[in-house]
Amino acid sequence: MSALAGVENSAGAVLRRAVELDGGGRYQESLVCYQEGIELLLQVLKATKDEAKKNHYRQKLRSYMDRAEQIKHHVLKEKEEGKYHKQIKIVENATGYSYENLFKPYVDEMLTEVWVEDPYIRHTHQLYNFLRFCEMLIKGPSKVKKINLLTSRDEDQQMSGLQEIKNSLQDFGVTLEVTFSPSIHDREIRFDNGWMIKIGRGLDYFKKPQSRYSIGYCDYDLRPCFETSVDIFHNNHTRKT
């Protein structure tokens with residue numbers, strides 16, 4: 001397969017996903033896929049010499065770009081009116097819900113501060129979950145400078161683990177502030193770009209892998225999930241006073 005054919009296949013896959021998400025009413029996620037797919041298809045158009053094929057790609061691009069613009073205006077209108085709310089149902093044993101996939105549509109260049117409320121950042125695997133979440137934020141395109149964690153206190157291992165994460169984040173110019181509450185129950189994640197994500201199980205929605213050498217141990221997209229729901233809101237003000 002040529003490099004051009006590979007890019008064309010990638011564009012097709014991303015755009016099919018965009019249409020699927022669009023049909024399911026998951027507009028913010030579909031918009032991200034439309035934008036990625038359009039960018040890939042533009043690369044194909046630029047590299048194509050055959051004029052008939054170029055016209056075919058131009059027509060497809062025009063259609064996808066028109067739809068992406070419609071969704072963009074729709075999402076923007078809902079944001080401005082404070083009406084944006086979408087729910088994602090993660091079924092038992094579903095895969096493909098890594099933090100990158102779940103949070104990617106809401107992590108942008110405007111994001112600089114994050115608030116995480118989750119009572120279960122205590123045990124080893126939960127600390128690793130939080131670490132992976134932090135890694136996702138650092139990889140961009142956000143410019144996160146501060147992460148605020150509110151959780152419940154459990155054991156010495158928790159304290160040492162959080163301190164190690166804090167030290168590591170400092171190497172990337174990110175401050176981690178940890179606060180403990182004995183009565184915390186709710187689970188939510190707030191971004192200062194206006195997005196708020198509530199996951200029924202918090203960050204701990206992945207099932208334990210069968211072994212350290214089983215598929216899904218490293219790649220969370222391949223790890224089965226527990227059944228849970230994800231509610232996504234947008235508010236002009238997410239900072240807690």
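Below, all heavy atoms of this structure are taken into account, side chains as well, without hydrogens, waters or symmetry copies. In this text, all values refer to a predicted model and were calculated from it rather than measured experimentally. Each residue takes its place number in the sequence, starting with 1.
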*Would you say the side-chain atoms of Tyr205 pair up with the backbone N or O of Tyr97, donor to acceptor, closer than 3.5 Å?*
yes
Side-chain polar contacts of residues 12-21 - donor-acceptor pairs under 3.5 angstrom, sequence neighbours left out - could you list them?
residue, atom, partner, partner atom, Å
Arg17, NH1, Glu20, OE2, 3.0

_Checking Tyr220 now: which residues fulfil ring-ring contact (aromatic ring centres under 6.0 Å, His included) with it, not counting sequence neighbours?_
Phe206
*Which pairs with one or both residues in residues 56-68 pass salt bridge (Lys or Arg N to Asp or Glu O under 4.0 Å), sequence neighbours excluded?*
Asp22-Arg67, Glu51-Arg58
*Could Glu29 and Lys86 be called an ion pair, given the rule that one side-chain N must be under 4.0 Å from one carboxylate O?*
no
*With rounding to the nearest 0.5 Å, note down the distance linking CD in Gln170 to OG1 in Thr175.*
6.5 Å
_Single hit among Trp195, Tyr84, Tyr106 for ring pair (Phe, Tyr, Trp, His ring centres under 6.0 Å) with His234_ = Trp195
*asked:* Is there a continuous path of hydrophobic side-chain contacts, each under 4.5 Å between heavy atoms, that joins Ile71 to Ile88?
replied: yes
_Separation of Leu40 CG from Gln35 CD (nearest 0.5 Å)_ = 12.5 Å
*asked:* Under 4.5 Å side-chain heavy-atom separation, chaining through any Ile, Leu, Val, Met, Phe, Trp or Tyr, what else clusters with Ile184? Say none if it is isolated.
replied: Leu150
*Give the other cluster members for Val32, using side-chain heavy-atom distances under 4.5 Å between Ile, Leu, Val, Met, Phe, Trp and Tyr residues; answer none if it is isolated.*
none
*Partners of Glu164 by salt bridge (charged side-chain N to carboxylate O under 4.0 Å, His left out), sequence neighbours excluded?*
none
*Check for a donor-acceptor pair, side chain of Thr228 on one end and backbone N or O of Ile90 on the other, with a separation under 3.5 Å.*
no
*asked:* So, taking the atom named CG in Leu131 and the one named NE2 in His125, what distance separates them when rounded to the nearest 0.5 Å?
replied: 14.0 Å
*Got Glu188 and Asp231 here, is their nearest side-chain heavy-atom distance under 4.5 Å?*
no
_Can you list, by chain and residue number, the hydrophobic cluster partners of Tyr213 when the side-chain cut-off is 4.5 Å?_
none
*Honestly curious: do Phe172 and Met136 fall in one hydrophobic cluster under the side-chain, below-4.5 Å linking rule?*
yes
*asked:* Checking Asn167 against Gln163: is there a side-chain donor and acceptor pair closer than 3.5 Å?
replied: yes
*asked:* Looking at Lys53, I want to see if its NZ is surrounded by more than 12 non-hydrogen atoms of other residues, nucleotides or ligands under 6.0 Å.
replied: no
*Begin with the C-alpha distance, continue with both residues' side-chain angles, and end with the deciding distance and a verdict on side-chain contact (heavy atoms from CB on, under 4.5 Å) for Val178 and Ile121.*
CA-CA 11 Å; Val178 181; Ile121 309 295; over 6 Å; no
*Rounded to the nearest 0.5 Å, how far does CD1 of Ile38 lie from CD of Glu36?*
11.0 Å
*asked:* Could you tell me if the side chain of Leu149 sits less than 4.5 Å from the side chain of Leu162, heavy atoms only?
replied: yes
*side chain to side chain contact (heavy atoms under 4.5 Å, CB included) with Val114: which of Val144, Val174, Val107?*
Val144
*Closest contact, heavy atoms only, Gln28 versus Pro105*: NE2-O, 3.1 Å
*asked:* Are Met159 and Leu169 linked, directly or through intermediate hydrophobic residues, by side-chain heavy-atom contacts shorter than 4.5 Å (ILVMFWY only)?
replied: yes
_Show every salt bridge (Lys or Arg N to Asp or Glu O under 4.0 Å) that has at least one partner inside residues 123-133, sequence neighbours left out._
none
*So, does Asn101 use its side chain to make a donor-acceptor pair with the main chain of Gly96 at under 3.5 Å?*
yes
*Minimum heavy-atom separation for Leu176 to Ile165, with atom names?*
CD2-CG2, 4.1 Å
*If you measure from CG on Asn129 to OG1 on Thr124, what distance do you get to the nearest 0.5 Å?*
11.0 Å
*Can you list the residues that meet the side chain to side chain contact (heavy atoms under 4.5 Å, CB included) rule with Glu8, with sequence neighbours excluded?*
Val44, Tyr57
*Joint cluster assignment, Tyr64 & Leu42, ILVMFWY side-chain distance < 4.5 Å*: yes
*So which heavy atom on Arg187 is nearest to which on Pro119, and how close?*
CG-CD, 3.6 Å
*Identify the two heavy atoms, one from Ser98 and one from Asp221, that lie closest to each other, and give their separation to 0.1 Å.*
OG-OD1, 2.8 Å
*asked:* Before you tell me yes or no, could you show the steps for Lys198 and Glu117 under salt bridge (Lys or Arg N to Asp or Glu O under 4.0 Å), namely the whole-Å CA-CA distance, both residues' side-chain angles and the distance that decides it to 0.1 Å?
replied: CA-CA 10 Å; Lys198 294 188 175 185; Glu117 293 188 8; over 6 Å; no
*So, Arg223 side chain and Tyr217 main chain: donor-acceptor pair closer than 3.5 Å or not?*
yes
*Taking the side chain as C-beta and beyond, is there a heavy-atom pair between Asp108 and Phe191 under 4.5 Å?*
no
*asked:* Check whether Ser142 reaches the backbone of Leu111 with its side chain - one donor and one acceptor, N or O, closer than 3.5 Å.
replied: no
*Roughly how far, to the nearest 0.5 Å, is the CG atom of Leu137 from the CD atom of Glu100?*
9.5 Å
*Not counting sequence neighbours, which residues clear ring-ring contact (aromatic ring centres under 6.0 Å, His included) with His123? List them please.*
none
*Backbone N/O of Asp192 and side chain of Glu113: donor-acceptor pair under 3.5 Å*: no
_To check you understand the geometry: which heavy-atom pair defines the closest contact between Leu31 and Lys72, and what is its length?_
CD2-CA, 4.1 Å
*Any ring-ring contact (aromatic ring centres under 6.0 Å, His included) pairs touching residues 132-158, not counting sequence neighbours?*
Phe103-Phe133
*Does OH belonging to Tyr120 count more than 12 external heavy atoms closer than 6.0 Å?*
no
*Test item: Thr151 side-chain N/O and Asp118 main-chain N/O as donor-acceptor pair under 3.5 Å*: yes
*Which atom pair, heavy atoms only, marks the closest approach of Phe180 to Arg153?*
CD1-NH2, 3.3 Å
*Side-chain hydrophobic cluster, 4.5 Å single linkage: members besides Leu222*: Ile215
*Flag, side chain of Asn148 to backbone of Glu177, donor-acceptor distance under 3.5 Å*: no
*Do His74 and Gln70 have side-chain N/O donor and acceptor atoms under 3.5 Å apart?*
no
_Let me check something: do Phe130 and Ile138 share a hydrophobic cluster, defined by ILVMFWY side-chain heavy atoms less than 4.5 Å apart, either directly or through other members?_
yes
_Side chain Lys54, main chain Leu45, donor-acceptor under 3.5 Å_ = yes
